Asker: 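What follows is a single structure, and I will ask about it in a moment.
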Amino acid sequence: MHDEFLCHVTAYGTCGGQRIGVPLGTYRAPTLALALWWLRDRANWIADRLDPHPEAAHFPPGALVPVADTVPDVPAVLRAWCGDVDRQELVADELAAGRLVRIATGDDTTEYELLAESVDAVRMQRTIPALVVPVA
């Protein structure tokens, strides 16, 4: 069983013709349960910022407008992932086995990525000798 997990959330977009990543958070979870909680919390945090409630007092009238049905619904995808017990168990099993987990979704402009991996697995990979291939 892996005891500690590194979790990252990043948004990727294009700026000046280049793909760039903007870190949205990192957490070193001391337990598997906390790693899963943090990933769900960040997914909901992103969803709430992309799809706020229009009746919220801090938005002037008409500031928010619905998008076309053809635009991918990132908030709905993230909320569905958070509420899917079977997918949460699958993520837990993968992390417990020492495998990297990546949850990603995006729309026309931005990709949102949630990553988690076992600290122990990262340490073990560092102890494996690097493959060196001569270039010339």
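No experiment lies behind these values; they were computed from the predicted model shown. The first residue in the sequence is number 1, and the count goes up from there.
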Asker: Between SG of Cys82 and CZ of Arg42, what distance do you get to the nearest 0.5 Å?
Answerer: 11.0 Å
Asker: With a 4.5 Å limit on heavy-atom distance, are the side chains of Thr31 and Asp3 in contact?
Answerer: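 Contact flag for Thr31/Asp3 side chains = no.
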Asker: Nearest 0.5 Å please: distance from the CG atom of Leu78 over to the CG atom of Asp73.
Answerer: 9.0 Å
Asker: What are the two closest non-hydrogen atoms of Cys7 and Leu39, and how far apart are they?
Answerer: CB-CD2, 4.3 Å
Asker: What residues form a ring-ring contact (aromatic ring centres under 6.0 Å, His included) with Trp38, not counting sequence neighbours?
Answerer: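 Testing Trp38 for ring-ring contact (aromatic ring centres under 6.0 Å, His included), a comparison that skips the adjacent residues, returns Tyr27.
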Asker: Could you tell me whether Asp48 and Arg79 make a salt bridge, using a distance below 4.0 angstrom between a side-chain N and a carboxylate O?
Answerer: yes
Asker: Please determine whether residues Ile103 and Trp37 belong to a single hydrophobic cluster, defined as Ile, Leu, Val, Met, Phe, Trp and Tyr linked transitively by side-chain heavy-atom distances below 4.5 Å.
Answerer: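 Yes; Trp37 is reachable from Ile103 via cluster members.
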Asker: Count I, L, V, M, F, W, Y as connected when their side-chain heavy atoms are under 4.5 Å apart, and connections chain through other members. Are Leu115 and Val9 then in the same cluster?
Answerer: no
Asker: I need the minimum non-hydrogen distance between Leu50 and Pro75, along with the two atoms involved.
Answerer: CB-CG, 3.6 Å
Asker: How many angstroms lie between OG1 in Thr10 and CG in Leu24, if you round to the nearest 0.5 Å?
Answerer: 6.5 Å
Asker: Starting at CD of Glu4, measure out to CG of Leu6 and round the result to the nearest 0.5 Å.
Answerer: 7.0 Å
Asker: Judged by atom type as modelled, is there a donor-acceptor pair below 3.5 Å linking the side chain of Thr14 to the main-chain atoms of Gly17?
Answerer: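 No; judged by distance alone, with no hydrogens or angles, the pair does not exist.
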Asker: Does the side chain to side chain contact (heavy atoms under 4.5 Å, CB included) test come out yes or no for Val74 and Val77, once each step is laid out?
Answerer: CA-CA 5 Å; Val74 171; Val77 170; 5.7 Å; no
Asker: Is a side-chain donor or acceptor of Gln88 paired with a backbone partner of Trp81 at a separation under 3.5 angstrom?
Answerer: yes
Asker: Side-chain atoms of residues 104-114: list all donor-acceptor pairs with protein atoms under 3.5 Å, sequence neighbours left out, distances to 0.1 Å.
Answerer:
unit_1, atom_1, unit_2, atom_2, d
Asp107, OD1, Thr109, N, 3.0
Asp107, OD1, Thr109, OG1, 3.3
Asp107, OD1, Thr110, N, 2.9
Glu111, OE1, Arg19, NH2, 2.6
Glu111, OE2, Arg102, NH2, 2.8
Glu113, OE1, Tyr12, OH, 3.1
Glu113, OE2, Arg102, NE, 2.5
Glu113, OE2, Arg102, NH2, 3.4

Asker: Closest heavy-atom contact between Phe5 and Leu95?
Answerer: CE2-O, 3.6 Å
